[in-house]
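Values reported hereafter were calculated over all heavy atoms of this structure, with side chains retained and with hydrogens, waters and symmetry mates removed. Labels below follow one simple rule: chain letters A, B, ... track the order of the sequence lines, proteins then strands, and each chain is numbered from 1.
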Amino acid sequence: EDLERRFQRTVDAEQRIEPRDWMPEAYRRTLVRQIAQHAHSEIIGMQPEGNWITRAPSLRRKAILLAKVQDEAGHGLYLYAAAETLGVDREDLTRKLVEGRQKYSSIFNYPTLTFADVGVIGWLVDGAAICNQVPLCRTSYGPYARAMIRICKEESFHQRQGYELLMTMMRGTPEQRAMVQDAVDRWWWPALMMFGPPDEASTNTERSMRWRIKRHTNDELRQKFVDMTVPQAEKLGVTLPDPELRWNPERGHHDFGQPDWDEFWRVVKGDGPCNARRLAHRRRAHEEGAWVREAAAAHARKRAATGRPALSVTARTEGAA
Amino acid sequence: EDLERRFQRTVDAEQRIEPRDWMPEAYRRTLVRQIAQHAHSEIIGMQPEGNWITRAPSLRRKAILLAKVQDEAGHGLYLYAAAETLGVDREDLTRKLVEGRQKYSSIFNYPTLTFADVGVIGWLVDGAAICNQVPLCRTSYGPYARAMIRICKEESFHQRQGYELLMTMMRGTPEQRAMVQDAVDRWWWPALMMFGPPDEASTNTERSMRWRIKRHTNDELRQKFVDMTVPQAEKLGVTLPDPELRWNPERGHHDFGQPDWDEFWRVVKGDGPCNARRLAHRRRAHEEGAWVREAAAAHARKRAATGRPALSVTARTEGAA
Amino acid sequence: RADLAAYCVMLGDDALVFAQRLSEWCSNAPELEEDVALANIALDLLGQARMSLTRAGEVDPAVRPAAAPVHVPDEDALAYFRDERAFRNVRMVEQERGDFAETIARLLLFSCWRLALFERLTTSGDPVLAAIAAKGLKELAYHRDHAARWTVRLGDGTEFSRERMRAGLDRVWPFLAELFTAHPVEARLAEAGVAVDPGSLRPVVDDVLDQVLAAAGLDRPEVAPLPAVAGLAGRHGVHTEPMGYLLAEMQHVARSHPQAVW
Amino acid sequence: RADLAAYCVMLGDDALVFAQRLSEWCSNAPELEEDVALANIALDLLGQARMSLTRAGEVDPAVRPAAAPVHVPDEDALAYFRDERAFRNVRMVEQERGDFAETIARLLLFSCWRLALFERLTTSGDPVLAAIAAKGLKELAYHRDHAARWTVRLGDGTEFSRERMRAGLDRVWPFLAELFTAHPVEARLAEAGVAVDPGSLRPVVDDVLDQVLAAAGLDRPEVAPLPAVAGLAGRHGVHTEPMGYLLAEMQHVARSHPQAVW
């Protein structure tokens, strides 16, 4: 009781909760779920973009894309590490992911169909992720907040690169412009869904806000994203596929239509265009890698037992020949 | 003794030996080896050309190529059936092939690098095969001779199609003409090797000729092939890569250079550019298919045991809806 | 006429893409007889594809992609110079080939459906389409028969083969519903007596599949249909990720030498 | 200058093609750390490739393939608009990626060799090549170290991993000899102090490989080198069959939209 009050006072004072601090069990569980889901999203998110690495149409774009997907693996690592400070382990979280017992962001259950999708994911999907994540840099749990600071910095870099790719494509051939518009048409609504269901349907928001895990409601963040994106779309020369979208001078915000929430719930429940494919891919990679992880562990045990140092090949090479 | 004389008389009289007839054990063994090798060559030969089916640059060429490779599988089937009349079985021969204990034509140990290779294989490789095989249509062993008659007919069809592809390509872009010339440069010498080593190095020729398995020496057939091919190359507009190649009016034949016989022996002994790849491919297909063959056999046993007829789905479809 | 051309492209793309996948089996089949059989089926479908795509070009020259050089025949212009988003095949046929059981499962579903479709198309208002369908009937009946027999052999073979066959059906079944979903072009042309409303084929196809599964001692898989992307699927050119790789392989030589003649 | 450009293309193609294969691991590695590491290595090699190909274009504009549209930079003209026969990489790097042990084996051999080569190239008579080599040293030392550590872990891990590592080495070893075979261009440029005669690298590379194999408790495979085709191999543009598929995938989008800007 006393602990709980002190915890809430710390949070209210905008101070960080650290791993060794007492925390309510529900807070811990909420964080584990949220951080794990976030980590899983980074890892599953490697697939839709990774789909274009081998086919990227210029070497510069290939390098940018490969570096970006690599960053996503890195983000997954930070986030799993943050989750581990809460007493869970990565192997266990990974098992829950591949068995479908923990979620990842639904956005990655849509297919990437052209190279323009790479740009649009950078612009809209990373853009939406940043709106979601910037407030998390000040979230109450210290390790999570620190991970988010690093991640956000890299994400805005990715977003700029995505936007720059689209700008370049819009200056290209008519086919390229059509490709960009097509990708925008397919990704716009799923991007809006990334902020979660409308506030009246969002069950955990209030408590998460009290705990300063969350700082804005889903609808607030969605509005912010739309307001931010509309001028970017204009500058780019694409049309956002929402006939209800218009500036509302009274509100000082854009009005906009609602995504298909039935589709949203179906995809969340596992019934999206790529859920099965994404999970099967992750499961296969995990299973195919099992023997390698076992070998590394076995070798580490042997080395620990014999006190042998790790291999170092420096010897004759430099001097020789 | 008596049997052996009667056998030789039959052969000398240009009559066919049939499966139920008495034959010398060495004759049987020679035939099994030769027919099996020939069958294996058809099957392994599916790979270098099959390599281009999914990439054929027009639908017409794709259909022609797929049909050709299918024919090769069919030839393999005829030939294994002919071998089986000599008391061996296909499964056993296949095992010997994938274990590297029986050979196939060395020509298939070279890679196919461009679509022009498809044409050149048709023209030169099938052309050489036909020179080798036409006399086999009159070979002394009945089932083999009959298989060869069917095969030769299809092979000359393939050869014409290959030549026609090259003709078309030579009427195309400069890059296409270069592609054809490049393919000719790579396949010419291996094609000459298809007739086997020079007569003085060929150990079994004499006996095979006495048994009327063979009717011409390697060098005779090679000469015939060169004489036949030179005018075709001229008509096509390609250069055969042999500086010694010229018409010899005294002999009434073309003089020509010798292939690299060291290379020939290396490739025969398993050390060619694609030997490992071809065998690994065949072995993998064979092993991956094992469960299917077992299932089919198990099902056939069950059906035989219960007297059930094979499935027939004719029912409501035609009439319905 | 634009509708008819679009419809011919749909029928052609189904056959073309499936033929491409089936031809990957060449030299990889479990036995030589099967190398021959699968190549035969691929050849039949390739033939159907060529006729349909050629017909599409005849009916409406506007279906030719702008990127295709003028000397390339319509069938090749459509096969080699269209981008993925312009392909109109159902998503079932573009999936990676998988193992033999999965291929057989796919062939079973596809050929049951296409045979039912072609039976009805023989009376199409477009005489060329009707002729293509009539010619295809015997081929498709053979494909269906071949797939059905293997389904029974594998379903009623060994324990292992039964498991593989079941897994193959599970993987293919999510793509079945799309076959019965009418694109607006199909709906309009069905109205006009030229095409078939694919929804109307469901009972016939279900009936045949039930027969085959019963003979194989297998249950109908209980898996959800693969969703479309905001209502758009293969017929709208919204494909799955394997499609891009299939096209890269299929089109690379042709695209690399656009001025070439083959 | 044509020789120098050709040599830059050789070095660039080795790196480009291997980077392409390594990037296939992305999202498929046995653990996340390895996804990161293999992507890093691929990125390093891609960077080396871009510098070498750009240098090739600078030195001799004639290396640009005729098929490349003028607005495409040299590095992309070379990567995307050349046909297979014009690629000059050694055949080792174009092989299918295989399992993790095979990839590690390939990376071990390749990085030992390339590091030894780059050490010598730092004193190349071509200052740009020397700079590229100098920049690459640290990268390649890391690649070699990474591969060596995994070779030891797998060789001295479980029974199973040892078998896989041995099999991986067996599959890669036939491609080793080609790395030490000088193409006439290399021979001429080595003479001129611009390139390195790759044959001279053999002792250094052998020495390092022996150390690593000893630490891993593995024997040097006894397998024959993969023969050339009438003396011609990767450096002459005579590749193995996987190369065509790699290029189809890599080039398809660029070839499909030659006028596009990316």
Selection from A/I44, A/T54, A/I53, A/L165 maximising heavy-atom pairs under 4.5 Å formed with chain D: A/T54

Heavy-atom proximity to chain D below 4.5 Å, by part of A/R284: side chain

A/M170, part contacting chain D, at a heavy-atom distance under 4.5 Å: neither

Side-chain donor/acceptor of D/D76 to backbone N/O of A/P57, under 3.5 Å: no

Pick from A/A300, A/A285, A/G172, A/G119 with the largest number of heavy-atom pairs that fall under 4.5 Å of chain D: A/A285

Check: A/L77 and D/E33 side chains under 4.5 Å, non-hydrogen atoms: yes

Proximal to chain D - members of residues 82-107 of chain A, heavy-atom separation under 4.5 Å: A/R90

Nearest atoms (heavy-atom pairs only) where D/C26 meets A/V69: SG-CG1, 3.4 Å

Value rounded to 0.5 Å, distance of CH2 in A/W291 from CD in D/E163: 10.5 Å

Contact winner vs chain A - D/L43, D/T151, D/L38, D/L46, heavy-atom pairs under 4.5 Å: D/L43

Region of A/Q176 that comes under 4.5 Å of a non-hydrogen atom in chain D: side chain

Option in A/R293, A/R171, A/E294, A/R282 with maximal non-hydrogen atom pairs under 4.5 Å from chain D: A/R293

Side chain A/H281, main chain D/S27, donor-acceptor under 3.5 Å: yes

Contact origin within A/R55 toward chain D - heavy atom pairs under 4.5 Å: both

Partner chain D: residue of A/A67, A/G50, A/G74 with the largest heavy-atom pair count (under 4.5 Å): A/A67

Closest-packed option against chain D by number of heavy-atom pairs under 4.5 Å, given A/L59, A/T168, A/D71: A/L59

Contacting moiety of A/I43, where chain D heavy atoms sit under 4.5 Å: side chain

Whether D/Q259 side chain and A/T173 backbone form a donor-acceptor pair below 3.5 Å: no

Note, A/V292 side chain near D/E31 side chain (heavy atom, < 4.5 Å): no

Minimal non-hydrogen separation, D/L154 against A/A295, with atom names: CD2-CB, 3.8 Å

